[in-house]
Amino acid sequence: MFYRENGQFKSSYSSDQAIFPIAQDRAFVIGILLVAFCGVPFFINEYWANAILIPLLVYALAGLGLNILTGYCGQVSLGTGAFMAVGAYASFKLVGFFPEVNYLILIFVSGLVTAAVGVVFGLPSLRIKGFYLAVATLAAQFFLIWLFNKVGWFYDHSPTGMITVRPIDFFGVRVTGPEATPAAKYLFTLTIIATLTLTAKNIVRGRVGRSWMAIRDMDIAAELIGIKPLQAKLSAFAVSSFYIGVAGALYFGVYLGSVEPLEAFDINQSFYVLFIIIIGGLGSILGAFLGAAFIVLLPILMKNLMVGGFGVASGTAGHVEILLLGALIIFFLIVEPHGLARLWQIAKEKLRLWPFPH
Amino acid sequence: MTTHSRNETLLEVESISLSFGGVHALSDVSFDIRKGEVRSIIGPNGAGKSSMLNVINGFYHPQEGSITYQGKRRAQMKPHEAALGGIARTFQNIALFRGMSTLDNIMTGRNTKMSKGLFWQALHFGPAKREEIENREFVEHVIDFLEIQTIRKTPVGRLPYGLQKRVELGRALAAEPTLLLLDEPMAGMNLEEKEDMSRFILETNEEFGTTIALIEHDMGVVMDISDRVVVLDYGRKIAEGTPEEVRANQNVIDAYLGVSHD
Amino acid sequence: MSAVIQSEREALLSVNNIEVIYDHVILVLRGVSLEVMKGGVVALLGANGAGKSTTLKAISNLLGAERGDVTKGSITFQGEDVQSLSPNELVRRGVIQVMEGRHCFEHLTVEENLLTGAYTRTDGRSRVAEDLDLVYQYFPRLKERRTSQAGYTSGGEQQMIAVGRALMARPAVILLDEPSMGLAPQLVEEIFEIVKRLNEDEGVTFLLAEQNTMMALRYSNYGYILENGRVVMDGEASALAENEDVKEFYLGVSGDDRRSFRNVKAYRRRKRWLS
Amino acid sequence: MAFDLFLLEVVISGLMTGVMYSLVALGFVLIFKASGVFNFAQGVLALFAALALYDFLAEDGWFFAVFGFTLPVWLAIPATALIMIFLAWVIERAVLRFLVKQEEIILFMATIGLAFVLEGLGDLLFGSDVKPLDIGIPQGASDLLLDNFNLYVEKLEIVAAATAAVLVTALAIFFQKTRVGRALRAVADDHQAALSVGISLNKIWVIVWSVSGIVALVAGIMWGSKSGVQFSLSLIALKALPVLILGGFTSVPGAIVGGLIIGVGEKLAEVYVGPLVGGAIENWFAYVLALGFLLFRPQGLFGERIIERV
Amino acid sequence: MNLRKLTGVAVAAVLALPMFASHANAYELVIPTLDYRTGPYAPNGIPLANAYSDYINLLNERDGGIEGVKIKHVDCETGYNTKKGVECYENIKNTAPSRALAIQPFSTGITYQLIPKSAVDEIPIFSMGYGRTSAANGKVFPWVFNFPATYWSQATALVQYIADQEGGMASLKGKKIYLVYHNSAYGKEPIRTLEALAEKYGFEYRGLPVDHPGQEQKATWLQIRKERPDWVLMWGWGVMNQVAIKEAASIRFPMDRFIGVWWSGSENDVLPAGEAADGYLSGAFHAAGGDFALHDDIRKYVYDKGMGAGDRDRIGEVLYNRGLVAVMWTVEAIRNAMKIHGTKEVTPAMVRDGFESLEVDEARLAELGLKDFTYGIKITCENHEGPGRVAVQQWDAKAKKWSMVSKFYEPLREITAPLIEADSMAYAKENNVTPRTCS
């Protein structure tokens, strides 16, 4: 249609560096945000909040975090599940210690705690690369989960080792537990995620982001032009873990409400988030959202289609769902190995030319 | 030919020896680089030229010998220390960051000149933004200088070889280096591109006073643009001097030029 | 030089107006045609990125692995259309490529490297053994090092391994990509000498891509010059070597009055003003 | 004295468990060497092989339903091997050939997708009940050792160790002495060059995935005899990962030695350190052991030293 | 652009399907189940789910439902995964026309997840023989039921059984009783109780955790071989059970001194070990075997009509029977709700009342075709656990049959009651729940 950048001139570097230099893109994103903030809360019900939108947002945030580490800095990690657990347990303990402090601050601090843990487990990245590093992060995965499962202090010595979120009010509005309204939970999550997405975009388009990408694309050359690998990698681990930690805190507090470490944060969780960024697109902020949409929505979509639509028995549908999900992952990787974000980009480029081929 | 005083030594390499698991890459090599000159290092394949550059900017750590740079003498330094000290370089097999645009690649060259931390970066407001724009201005000068305005936003992976070499030079120049190391800047170029590259090298040298040390196979280029040449063969220095002196040196003729040039 | 006249022989290999696109977007070759006569040594010249390697890979069908496609034109070998054949089928029929940068199997010994060249052959062990001896005859240095790992041999030796490995397939034509790359002048000469001997004594046809224009024209009998994915000039090697334009643009030598690189900038500045 | 005997028992069972891990790791290594694919589906391959084998042997399987008889073990194993070869062929046709030249992580993802497909398929075809696999491998402790020396060693694991030894020897001969083995090593070194000398990568992938499938079959038989054939069999892949980082992704001897070290290490840790900290440490201990090792040798036990160049 | 919009609408429509797919048909009773026929625990989930489905089909076929009102069975696949469980719950809880009358989560994780929600959504949760033990306190957990017995009661019952074999509670002193447990919330349940019992009766207790999935237990059983405990208890699940039984046999640990929880006592667990499993013990609160009158009816009304959910010859397996008893009690609670509220169109809240005053005595069991299948229960406002009685059953490997070898032990309430009180009150405090008064 009229998706053109002709006639949009930039007269300063700052407008050239804007996140969406093209006016139509800006309008599109503002539109989406308007709908998300002002439209959706009026229509949302428990199913859409608890089963679809909140998991989608939380996983997008975790994906964003992992994408910073893997997509931007090139360090493959399989410890996402454990880092989410750190965020969850940190927020659990913090809420216990400081019930009066604003939940948002506690979530932020949980992110910082996770960042610190992430830095410690990021240290091996200075010597180990590629898949070796990926497998090494599994050490973090297994060790941390063991710790949370074993040390009673972390779960307030509950007899089963599960932790359950307390009802928490945020400026007088209940945001956790069953009494929170879907709209409150959703808006709380959405606000945090929208803010963190913006900061992530800011970081990756600035100096720090460039040094990550330099390390990712060619670590030796990066070092030779004066980027300190130690600083770049560990800052990526820290920022990534911060995001994942916040995601973990929301995953526990707002989404699930009660978790058992071995199940909620197990290695599948790590793979799940890795799927999100690979399907969505490595090194793309948008990719984390698209990937999360794919991974969270697709199984639900398939299930509803098979069970609700065609009356397939739910067990059989479960098997078919796994099979189809696998097949679709392979299919998408074959069609576009760089993920949904790249597909979107290509679509936009075509749209820019449309209806004239050149 | 130029007006710089060329007597002050910028960098001195003293009896450097380097080996990898018993294979000697460099043995007892000494030479110096004076402020403001164009210094070429030549030699047949495997002579240890690249290793020499790698030693100078701290990527390899020699077993013996020392390097004096800007009056400071040391056995070894870390690569980013060298970068902070004003040593920039390009690579034989283009080491650009393929996933990033031309602009971002050259901006990484400004990394050592930027300091605002994560917090300001995340806000992208105030100091961080100001710093970004200041450095962007400098980078735009480099882009103008190298005449690569049109590819500013293109991912470097999609650029043809010759342009990639130019972007890489841009990345090195963005650091405002005192000493610029160029590893085979002409490799794989046609005549026109070689001419362009020579022009950029000489203009950098003349206009910014940057000292240049380069490795090159194309004898025509080397002889034309260098002030002094050092010749390595099998990890040893076999000759040193002005292009004319080197061209006349019998060792060099035997070892390097051989009989292949009619 | 055994002065083979290109046009008098039958074409062993002919490339007709091919177009190659990488990644569905990047057009690398825009209509390249060439012919290689039986028993000839044909040089493919041009700057880096002109499309030499792509042309060779299009012939040996190694493009697929790099997401490249031949979208137009045809390639025939011994009169048959070979475009759809897989690389291994091509090798079986006698077209083998020695890739740029040599690509030896680093962890295999020199001899194992050579033997992999005979992978497609089905004519029995003894024939393969004979050919191994033949290769050793041409490359005595390889015989000395037959049990060492290829990764530990020098650049020149690796180039010999690569050529020898190709010979082991008993090819009709060898596509030789940048044999001089990264080699000292003496070694380049040595390699070209062997190419010449193989051509004359064993009747192997060569199509070689080379940047070292002078050297290549000295050892070949016909040449094509590529620029930006097109053939811009072709002719007898000797004629090309004498051609003034070729000298000007590709050799950078025009007798004694060669422009100095130091003075280029003045000339370039002028050019910039003019354009 | 009794204590020393116990230590010996722990070490032996560690070694034996290690062999079982090695069987899985071996399949990983083969595929990674030849195609650079980090095959996460290896565990599911083992499960699939065991399911298929069970199907030939049992009366509630498809084979019996179609043909009305079951196969004897000596026929069922080769028949399953054929199925694994067929599977390798399908995987090459449907997945690998479209993903040539992609980055490692993309291929890795694709194998996870493949794992899902096989898991779903296995469940759909064979059901998710536990299937006892009995191909005549003796079960339980070796009475001979237990009665005479009070030493506890599982018979199954002795068989597994012997099988692994035979398997590795056969593989070594195959790789070093045959034309195809040489081609496989060539492909592992340099895909492009292998292609250029006329080695068909597609064929090589089918071969190497078949070999891996057969190794998975052996692993599946051993683990299936030990714990029945069911979904969890696919999770042994996770136990093979620390073995891989320890031994190096490309080294067959590494997979064996790595397996033994991990096996012994985790058993010693669990038995002697576990009680002090609450137990169940063997899972993470294996990873920490491998990680600690990596910090000193980033390329793994038998991996080659990486010299970085620019 | 249009295509994108269209896809968007389609996606939204399909996602929304479960919400609008309400039919305006006659009133039906909605009984949902959260099944797991996939994933690592599927072998156990399948018989449970089959029994649910079979029993509901039987009632619809034979009796036309409950008191003549048809039952609508809605199942949702969770794969034993909490996140899927959440989606399932949200998806099915409002299923028209009656809404979900009672939720059977069949997973400890999902149960914990749903406990706080149940009070808000006003849907009773029946976590039969699993879930949160302290939910037995009906004053704090009015919406959760976990009869007929809890893990803590079971732990005391098993220890009583041990004492009986050793010659009385006093002879427990100095004995070594070890616990091999699934290293998860479920597996950790009995630890508190066993610690309290060990303290009281002077036996030595030690826990040996086994990580999911538990295929490799060498280290655990080597320790048992070395330290030779007198008894080994097991809180296992899935493949862990059968591996443990095999390992125990290998080190020649006497099977009749090895007792599993009721989730470690099904055919799936013992069959793989073959002869070696002979004599293995496990907790139980209902009988095994498929020769009760109810089973005959199921064969007749369901399987003969080709509506059976599973294999005909697997009717009567332990976990199948467990599913049966669960759905039977659920149905009785609904029936009870109809009775006390005098309407056939019950709501979940009425069914909660039905649960809270549920009484299924031996006579009623016999009517249902389950004579001697289990014991009678009576639920009250404060006690949601019911009688809490547990017996021990033993595996006969030759006959491939489980049979009861003990009486039903009454739980040692003096041990469990304070624990339940403490844990439930802690929950009440954290979640601002004011315990209701029962009388």
Side-chain angles (χ1 to χ4, degrees), chain C residues 22-23 56-57 60-68 85-109 111-122 125 128 149-151 158 161-162 164-171 174-177, chain D residues 29 32-37 92-93 96-103 106-107 172-207 248-254 299 302-307 309:
Chain C
Y22 276 106
D23 252 342
L56 294 195
K57 283 178 182 162
S60 58
N61 212 349
L62 292 174
L63 277 180
E66 298 176 355
R67 307 192 94 183
L85 296 183
S86 61
N88 56 316
E89 186 54 38
L90 278 163
V91 171
R92 204 164 279 143
R93 296 202 185 182
V95 182
I96 194 163
Q97 178 165 1
V98 176
M99 287 199 297
E100 182 182 342
R102 302 179 282 274
H103 287 273
C104 288
F105 304 120
E106 291 185 6
H107 298 95
L108 272 61
T109 64
E111 184 154 311
E112 282 176 329
N113 259 283
L114 295 177
L115 286 174
T116 55
Y119 179 76
T120 51
R121 285 173 60 172
T122 47
R125 277 175 189 233
V128 172
Q149 272 198 9
Q158 291 193 357
I161 293 172
R165 189 173 65 189
L167 277 179
M168 291 297 293
R170 281 236 147 252
I174 296 183
L175 314 174
L176 193 51
D177 198 353
Chain D
V29 168
F32 191 82
K33 240 172 118 83
S35 53
V37 177
E92 196 279 322
R93 280 273 145 156
L96 294 177
R97 71 168 46 189
F98 299 107
L99 287 171
V100 203
K101 278 299 250 179
Q102 293 302 343
E103 287 162 63
I106 303 294
L107 287 159
I173 293 171
F174 173 64
F175 272 102
Q176 294 299 330
K177 303 290 176 195
T178 65
R179 187 179 74 107
V180 174
R182 193 162 54 225
L184 280 171
R185 283 188 295 143
V187 170
D189 256 11
D190 191 327
H191 285 201
Q192 284 262 307
L195 209 55
S196 80
V197 297
I199 297 171
S200 157
L201 285 187
N202 301 356
K203 208 180 279 173
I204 290 294
W205 287 336
V206 174
I207 292 171
F249 288 146
T250 53
S251 164
V252 170
Q299 69 276 26
F302 289 90
E304 283 186 48
R305 204 168 149 215
I306 310 149
I307 296 179
R309 290 173 206 278

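Numbers restart at 1 for each chain; the letters A, B, ... are given by sequence-line order, proteins then strands. Quick note: numbers below take in every heavy atom, side chains included, and nothing from hydrogens, waters or symmetry partners.
Here C:Leu115 is the residue among C:Leu115, C:Asn113, C:Val98 with the most heavy-atom pairs under 4.5 Å with chain D.
Of the two parts of D:Ala194, the backbone and the side chain both hold a non-hydrogen atom closer than 4.5 Å to a non-hydrogen atom of chain C. In this structure, no portion of C:Ser60 lies under 4.5 Å from any heavy atom of chain D.
Within the model, atoms CZ of D:Arg182 and OG1 of C:Thr109 stand 8.5 Å from one another, a figure rounded to the nearest 0.5 Å. Within the model, atoms CD of D:Gln192 and CD of C:Glu100 stand 10.5 Å from one another, a figure rounded to the nearest 0.5 Å. Within the model, atoms CG of D:Asp189 and CD of C:Glu112 stand 10.0 Å from one another, a figure rounded to the nearest 0.5 Å. D:Ser196 contributes atom OG, which lies 5.5 Å from atom CZ of C:Arg165 (distance to the nearest 0.5 angstrom). Rounded to the nearest 0.5 angstrom, D:Leu195 CG and C:Asn88 CG are separated by 8.0 Å.
Shown here for C:Tyr119 and D:Ala183, the closest heavy-atom pair between the two residues is CE1-CB, 3.4 Å. Summarising the geometry of D:Val197 relative to C:Thr120, their closest heavy-atom pair is O-CG2, 4.3 Å, with the distance given to 0.1 Å.
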